[in-house]
Amino acid sequence: MASSLTALLVFENNINKELVRSLHVYRLKDGKEKEVEREFVFSVDGPYVEIKAGPILRLRRFQVLELFEGQVIGLWRCIFAFHVNNPPHLSHSSFLLSVSRNPKLKSIPTLAKDIHFILKLSCKTDNEEPSRFSSKEICEVDRDNCHQSKKSLPVLDQDLNCLPDSVSPFELSKSEQIELCAAGVMEKKKKRAASEDIARIALEDVVKCFGLPIVEASRNLKVGLTVLKRKCRELGIPRWPHRKIKSLDSLIRSLQEEAERHKQDNGDTTMAVAKRRRMLEREKETIEKKPFMEIQSETKRFRQDVFKRRHRARALGNQGL
């Protein structure tokens, strides 16, 4: 029976990186959907091999549409998520799933065939993207460019952001542009980060910047914001963890202040504060190592209690004034 691919999820084992699982969702000719789960061994030294797989992921009964790259299900981390209703893009996938960069994929045709289908669907979507200009507008633009090339200065299409007698550097002739460049009038274009520099960014380099907002982190790593976000997705970081780490730092500082206040009190209170502080510090270290993890529920309840105490303290202070 004929079928078509509607979704593909690829997972990597967190313990053994050579184990890869895929979940394929096909729409059959009668309209029903069929889920197929496969498991592969992505050997570093040898060819890729498909092995017999049980329904480990399907037993979790998760919604395919709700899954995103970087999400963890048990011991498996999603490294690629595709659904036919969403615009297909393979540019964010890792090196493992690139047929052109990883020829070993050809040894497992059950996965390579579906990835090739997604690639063709992506190219078809890009080609069918509507043009911003009609053919008539394009002809008019070409006619205007032809007239402007015969004149030293433009007469029509005045830029309202410039003075009436000023001329945009891009409307000047080539020789005049060279003179302006030599005089330093034309603004230099910002250079993009080299692909070698982007490839050299490791997880350890990104972890060092978790304490900064993502914009400042991109400046420190000398890459653009979009490049850093793409690199984070490749490393399994779905969201920048700066806010979670900042929240934990604030709670740790609050415990330090509380420990100073209860320094002269009984030892039980001091020990409880120290124990809570150690738990928060361990949780912070865990999130730095595994940025996709969320703050624990117990920590969220403690944070809410701290906010309430601060609010009551401010309210009492205002009443005293």
Side-chain angles (χ1 to χ4, degrees), residues 1-14 17-44 47-53 55-58 60-73 76-131 195 198-199 226-227 229-239 292:
M1 184 178 290
S3 61
S4 60
L5 181 72
T6 60
L8 174 62
L9 304 174
V10 183
F11 298 82
E12 183 183 60
N13 192 284
N14 288 328
K17 300 297 183 181
E18 292 188 349
L19 291 180
V20 174
R21 272 186 176 262
S22 62
L23 181 61
H24 309 246
V25 182
Y26 300 98
R27 180 174 287 114
L28 303 179
K29 196 173 182 179
D30 57 1
K32 296 181 180 180
E33 288 191 345
K34 177 183 177 182
E35 294 184 352
V36 180
E37 188 170 343
R38 298 186 174 101
E39 185 169 354
F40 310 93
V41 178
F42 280 34
S43 177
V44 178
Y48 295 167
V49 180
E50 182 175 357
I51 59 178
K52 188 176 181 180
I56 296 177
L57 298 174
R58 283 183 290 165
R60 297 281 181 163
R61 299 188 180 278
F62 55 84
Q63 295 293 330
V64 175
L65 282 173
E66 297 177 358
L67 207 70
F68 55 86
E69 295 178 14
Q71 189 170 348
V72 177
I73 299 178
W76 302 89
R77 179 174 64 87
C78 181
I79 60 175
F80 179 72
F82 159 77
H83 195 276
V84 72
N85 293 334
N86 298 326
H89 290 290
L90 275 174
S91 58
H92 301 322
S93 62
S94 63
F95 167 81
L96 290 176
L97 302 180
S98 176
V99 180
S100 60
R101 296 164 59 191
N102 187 9
K104 288 186 179 182
L105 278 176
K106 297 178 181 178
S107 59
I108 45 173
T110 52
L111 179 60
K113 179 182 177 182
D114 287 346
I115 292 177
H116 183 65
F117 168 79
I118 296 173
L119 179 62
K120 290 198 301 183
L121 189 61
S122 176
C123 295
K124 182 180 178 182
T125 305
D126 294 339
N127 293 333
E128 291 178 353
E129 192 173 303
S131 176
S195 56
I198 298 173
T226 305
V227 174
K229 289 181 179 180
R230 187 184 301 124
K231 191 69 179 180
C232 288
R233 284 192 287 268
E234 291 179 2
L235 297 173
I237 306 172
R239 295 185 64 183
F292 51 82

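Just so it is clear, the structure is predicted and the values come from calculations on it, not from any experiment. No hydrogens, no waters, no symmetry mates; every other heavy atom, side chains included, goes into these values.
With sequence neighbours excluded, no residue forms a side chain to side chain donor-acceptor pair (under 3.5 Å) with Glu18. Glu35 pairs by the salt bridge (Lys or Arg N to Asp or Glu O under 4.0 Å) definition with nothing, not counting sequence neighbours. Not counting sequence neighbours, the partners of Glu37 by the salt bridge (Lys or Arg N to Asp or Glu O under 4.0 Å) test are Arg21, Arg58.
More than 12 heavy atoms of other shown residues, nucleotides or ligands fall within 6.0 angstrom of atom NZ in Lys104. No more than 12 heavy atoms of other residues, nucleotides or ligands lie within 6.0 Å of NZ in Lys106, so this atom counts as exposed by the packing criterion. Surrounding CZ of Arg239 are at most 12 heavy atoms belonging to other residues, nucleotides or ligands under 6.0 Å away.
A 4.5 Å side-chain heavy-atom check between Leu8 and Phe80 finds at least one atom pair inside the cut-off. Using a 4.5 Å heavy-atom cutoff, the side chains of Phe11 and Ser22 are not in contact. For the pair Trp76 and Leu19, the minimum side-chain heavy-atom distance is below 4.5 Å. Within the 4.5 Å cutoff, no side-chain heavy atoms of Val84 are placed close to those of Val25. Inter-residue side-chain proximity for Tyr26 and Asp114 is flagged as met; some heavy-atom pair is nearer than 4.5 Å. Between Phe42 and Leu105 there is a side-chain heavy-atom pair separated by less than 4.5 Å. Put simply, the side chain of Val20 does not reach to within 4.5 Å of the side chain of Asn13, judged on heavy atoms.
Residues Gly236 and Pro238 approach most closely at O-CD, 3.3 Å, considering heavy atoms. Minimum heavy-atom separation, Glu39 to Lys52: OE1-O, 4.5 Å.
A distance of 12.5 Å separates CD1 of Ile79 from CG of Leu235, quoted to the nearest 0.5 Å. Here the straight-line distance linking atom CG of Leu97 with atom CG of Leu119 works out to 12.0 Å at 0.5 Å rounding. In this structure, OG1 on Thr226 lies 15.0 Å from NZ on Lys231, to the nearest 0.5 angstrom. With rounding to the nearest 0.5 Å, the separation of CG in Asn14 from CD1 in Ile73 is 11.0 Å. Taking CZ of Phe82 as the reference point, atom OG1 of Thr6 lies at 8.0 Å (rounded to 0.5 Å).
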The test is side-chain contact (heavy atoms from CB on, under 4.5 Å); show your working for Lys34 and Val36 and say whether it passes.
CA-CA 7 Å; Lys34 177 183 177 182; Val36 180; 4.0 Å; yes
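Between Tyr48 and Phe40, the ring centre distance reaches or exceeds 6.0 Å.
Between Arg233 and Glu69 no salt bridge is recorded (no basic side-chain N to carboxylate O distance below 4.0 Å).
Applying side chain to side chain contact (heavy atoms under 4.5 Å, CB included) to Arg38 and the options Leu23, Thr110, Leu111 leaves one that passes, Thr110.
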